[in-house]
Engineer: 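Below is the structure I would like to discuss, written out as structure tokens.
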Amino acid sequence: MPSGSIEVESKFEAGPDTEARLAALGAAPAGSSSFRDLYYDTPDLRLTRADHWLRLRQGAGWELKCPPVPHGGELTSPRAIVGRLCGVLGVAPVPGWDQVPGAVAGLGLQEFASFVTQRRSYRLGGLRVDLDQADFGYAVAEVEALVGAQEDVPVALEEVLQLRRALGRDGATRVPGKMSIYLQRHRPRHYQELLLAGVGITGGGRMGGWGHPGEGWGHRGRIGGG
Ligand SMILES: Cc1ncc(C[n+]2csc(CCOP(=O)(O)OP(=O)(O)OP(=O)(O)O)c2C)c(N)n1
Ligand SMILES: [Mg+2]
């Protein structure tokens, strides 16, 4: 994904018939993968309390997920990632931080989550469907579209929700993402800190923290996402 693009997505709980329905709709299998994600923050959680999620994904490298406004989304270029980290933490970049590991060390960031996802993916038109199984015993699926500009979000969102409905997975219940469940189970104090900061509010309200109707959709780049 290019740095800063916007992902419109809706998470759902896959059923026993989800893959058969995808095939019937003409979705093409887009491969299986398995990867470990490592997430980083300051010891006092200043990145995630500001809804910034820095991760090292096996096979993909460093990514920073952050609110899309004024600029952001999913950042993948080292310069953009380090610039945004320094901005959020109020620190001037120093020489040697042109690559992310140097900045991670210099800023004192520490790993707070590590898990492996097994993923099966499908493509249908411009949409992608990921069926994820995390190694801590949680499964979640998502339909997503990538758009280049905020004004393209509403149409993409309708397409995403249409496919979710076609898969028989309509409903107002918000389905949490892997991180939300991981923190609740393995880092409950971290999770509570996020609730206090207004990030990841559950119960049909915000989860991704970037404002949405609470029906299991969001765009990353992005608004919501669990
Ligand atoms: C408590 C709480 N949990 C999660 C969030 C949001 N959040 C946490 S991590 C995170 C980034 C990754 O989210 P997700 O799409 O669920 O993971 P994954 O599907 O593996 O990434 P992809 O392959 O699509 O790039 C976000 C937005 C939050 N704001 N608050
Ligand atoms: Mg996702």
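Counting starts at 1 for both ligands and their atoms, in listed order. Numbers here simply count residues along the sequence, with the first being 1. Everything numeric here is computed off the predicted structure, so don't read it as measured data.
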Engineer: With heavy atoms of D51 as the reference, note each atom of ligand 1 found under 4.0 Å away.
Structural biologist: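 Listed by number with element, the hits are 29 (N).
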Engineer: Need the ligand 1 atom indices (1-based, order shown) with element for anything under 4.0 Å from a heavy-atom of Y191.
Structural biologist: 1 (C)
Engineer: Does any N or O in the side chain of D132 come within less than 3.5 Å of the main-chain N or O of A139, such that one atom is a donor and the other an acceptor?
Structural biologist: no
Engineer: Does ligand 1 have any atom that is closer than 4.0 Å to a heavy atom of E63?
Structural biologist: no
Engineer: Of all the atoms in ligand 1, which lie at a distance below 4.0 Å from a heavy atom belonging to S180?
Structural biologist: 3 (N)
Engineer: Residues two or more places apart in sequence or in another chain: which of them pass side chain to side chain donor-acceptor pair (under 3.5 Å) with R36?
Structural biologist: S114
Engineer: So, applying ring-ring contact (aromatic ring centres under 6.0 Å, His included) with Y40, which one of F112, W62, W53 is it?
Structural biologist: W62
Engineer: Does R119 have a non-hydrogen atom less than 4.0 Å from ligand 1?
Structural biologist: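 Contact check R119 vs ligand 1: positive.
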Engineer: For ligand 1, find out whether one of its N or O atoms is nearer than 3.5 Å to an N or O atom of D130.
Structural biologist: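 By distance alone, the answer is no.
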Engineer: Where on R57 is there a heavy atom closer than 4.0 Å to ligand 1, on the side chain, on the backbone, on both, or on neither?
Structural biologist: side chain
Engineer: Does any N or O atom in E142 lie less than 3.5 angstrom from one in ligand 1, N or O only?
Structural biologist: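 In this structure, E142 places an N or O atom under 3.5 Å from an N or O of ligand 1.
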Engineer: If only side-chain N and O atoms count, and only distance matters, is there a donor-acceptor pair under 3.5 Å linking S34 with R119?
Structural biologist: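 No, no side-chain donor-acceptor pair sits under 3.5 Å.
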Engineer: Tell me the closest heavy-atom pair linking P67 and D51, and the distance in Å.
Structural biologist: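 Closest heavy-atom pair between P67 and D51: CD-O, 3.3 Å.
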Engineer: In chain order, what residues pass the side chain to side chain donor-acceptor pair (under 3.5 Å) check against E158, with sequence neighbours excluded?
Structural biologist: R165
Engineer: Using a strict cut-off of 4.0 Å, indicate which atoms of ligand 1 neighbour a heavy atom of M179.
Structural biologist: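 Numbered from 1, ligand 1 contributes 8 (C), 9 (S).
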Engineer: Please determine whether salt bridge (Lys or Arg N to Asp or Glu O under 4.0 Å) holds for the pair E19 and R120, giving the CA-CA distance in whole Å, both sets of side-chain angles, and the decisive distance to 0.1 Å.
Structural biologist: CA-CA 10 Å; E19 290 185 86; R120 286 196 306 284; 2.6 Å; yes
Engineer: If you measure from each heavy atom of V199 to ligand 1, is any distance below 4.0 Å?
Structural biologist: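 So V199 counts as touching ligand 1.
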Engineer: Looking at A156 and A145, what are the two nearest heavy atoms and their distance?
Structural biologist: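 Closest approach of A156 to A145, heavy atoms only: CB-CB, 4.2 Å.
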Engineer: Counting only heavy atoms not in R185 (residues, nucleotides, ligands), do more than 12 fall under 6.0 Å from its CZ?
Structural biologist: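 Result for CZ/R185: enclosed.
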Engineer: Under 4.0 Å from a heavy atom of K178: give me the atoms of ligand 1 that qualify, with their elements.
Structural biologist: 17 (O), 18 (P), 19 (O), 20 (O)
Engineer: Which is closest to atom 25 (O) of ligand 1 by heavy-atom distance: K65, R128, E74?
Structural biologist: K65
Engineer: Between the Mg ion (ligand 2) and E142, is there an N, O or S atom separated by less than 2.8 Å?
Structural biologist: yes
